[in-house]
Visitor: 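Starting off with a structure, shown below.
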Amino acid sequence: MSDIVAGLITGPDREQLLRLGRALVEERLIACLNVADRVTSVYRWEGEVCEEAEALGILKTTAARSDAVERRIRELHPYDVPEVLFIPVTAGSVPYVNWVSEQVSE
């Protein structure tokens, strides 16, 4: 259907992800970022099992922009190893998909 991807990122809090999202939108790397204020993450880090409150971000962009999005997130993100995952969108509202593509066009 398209080359649209949805991306998942986590961060320490809502404000950090909103700052990151604003930068990515202003730079036309993503069309938008939705932020879920509080999720709980359980993970292993440096040999220890950790449980932390975080914020979850869902971004929309194109597959062509995903490498640039990942690079910029790593530059701006406070974590040493930020979560950056991309999921292909196989179907969706044609007007929305077109809007995403238009927002991230160079």
Visitor: How would you list, by chain and number, every residue that makes a side-chain hydrogen bond (donor to acceptor under 3.5 Å, both in side chains) with Asn98, sequence neighbours excluded?
Guide: none

Visitor: Of the non-hydrogen atoms in Arg28 and Glu102, which two are nearest, and what is the gap between them?
Guide: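 Smallest interatomic distance, heavy atoms only, reads NH2-O, 3.0 Å.
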
Visitor: Looking at CZ of Arg19 and CZ of Arg14, how far apart are the two atoms once the value is rounded to the nearest 0.5 Å?
Guide: 11.5 Å

Visitor: Which residues pass the side chain to side chain contact (heavy atoms under 4.5 Å, CB included) test with Asp13, not counting sequence neighbours?
Guide: Glu15, Gln16

Visitor: Rounded to the nearest 0.5 Å, what separates atom OG in Ser66 from atom CD1 in Ile73?
Guide: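 Reported value, rounded in 0.5 Å steps: 10.0 Å.
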
Visitor: Ignoring hydrogens and geometry, is there a side-chain-to-backbone donor-acceptor pair from His77 to Thr10 under 3.5 Å?
Guide: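 At least one qualifying donor-acceptor pair exists.
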
Visitor: Does one hydrophobic cluster hold both Leu20 and Ile30, with members joined at side-chain heavy-atom distances below 4.5 Å?
Guide: yes

Visitor: Less than 4.5 Å apart, any side-chain heavy atom of Ile87 and any of Val5?
Guide: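 A side-chain contact is absent here, since even the closest heavy-atom pair is not under 4.5 Å.
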
Visitor: How close do Leu76 and Ala23 get, heavy atom to heavy atom, and via which atoms?
Guide: CD1-CB, 3.9 Å

Visitor: When clusters are formed by joining ILVMFWY residues with side-chain heavy atoms under 4.5 Å apart, either directly or through shared neighbours, do Leu29 and Val35 land in the same one?
Guide: yes

Visitor: Mind jotting down which residue pairs meet the ring-ring contact (aromatic ring centres under 6.0 Å, His included) criterion with at least one end in residues 87-106? Sequence neighbours excluded, please.
Guide: Tyr96-Trp99

Visitor: Could you check whether any side-chain N or O of Thr62 sits under 3.5 Å from a backbone N or O of Ile4, counting only pairs where one atom can act as donor and the other as acceptor?
Guide: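 No.
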
Visitor: Within a strict 4.5 Å, meaning less than it, do heavy atoms of the Leu33 and Val25 side chains meet?
Guide: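 No - every pair of side-chain heavy atoms lies 4.5 Å or more apart.
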
Visitor: When the side chains of residues 38-55 are checked against the rest of the protein, which donor-acceptor pairs come out under 3.5 Å, sequence neighbours left out?
Guide:
residue	atom	partner	partner atom	Å
Ser41	OG	Glu54	OE1	2.4
Glu54	OE2	Tyr79	OH	2.6

Visitor: Could I get the full list of side chain to side chain contact (heavy atoms under 4.5 Å, CB included) partners for Ala36, not counting sequence neighbours?
Guide: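 Ala36 satisfies side chain to side chain contact (heavy atoms under 4.5 Å, CB included) with Leu56 only.
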
Visitor: Using side-chain hydrogen bond (donor to acceptor under 3.5 Å, both in side chains) as the criterion, list what pairs up with Ser101, not counting sequence neighbours.
Guide: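 side-chain hydrogen bond (donor to acceptor under 3.5 Å, both in side chains) check on Ser101 returns nothing, list empty.
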
Visitor: When rounded to the nearest 0.5 angstrom, what distance separates CG in Asn34 from CG in Leu17?
Guide: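 CG of Leu17 is found 11.5 Å from CG of Asn34.
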
Visitor: For Val84, is there any backbone N or O sitting under 3.5 Å from a side-chain donor or acceptor partner on Arg74?
Guide: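 No; judged by distance alone, with no hydrogens or angles, the pair does not exist.
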
Visitor: Are any side-chain N or O atoms of Arg65 and backbone N or O atoms of Val104, one a donor and one an acceptor, separated by less than 3.5 Å?
Guide: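 Checked: pair present.
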
Visitor: Answer whether the closest heavy-atom distance between the side chains of Val69 and Phe86 falls below 4.5 Å.
Guide: yes

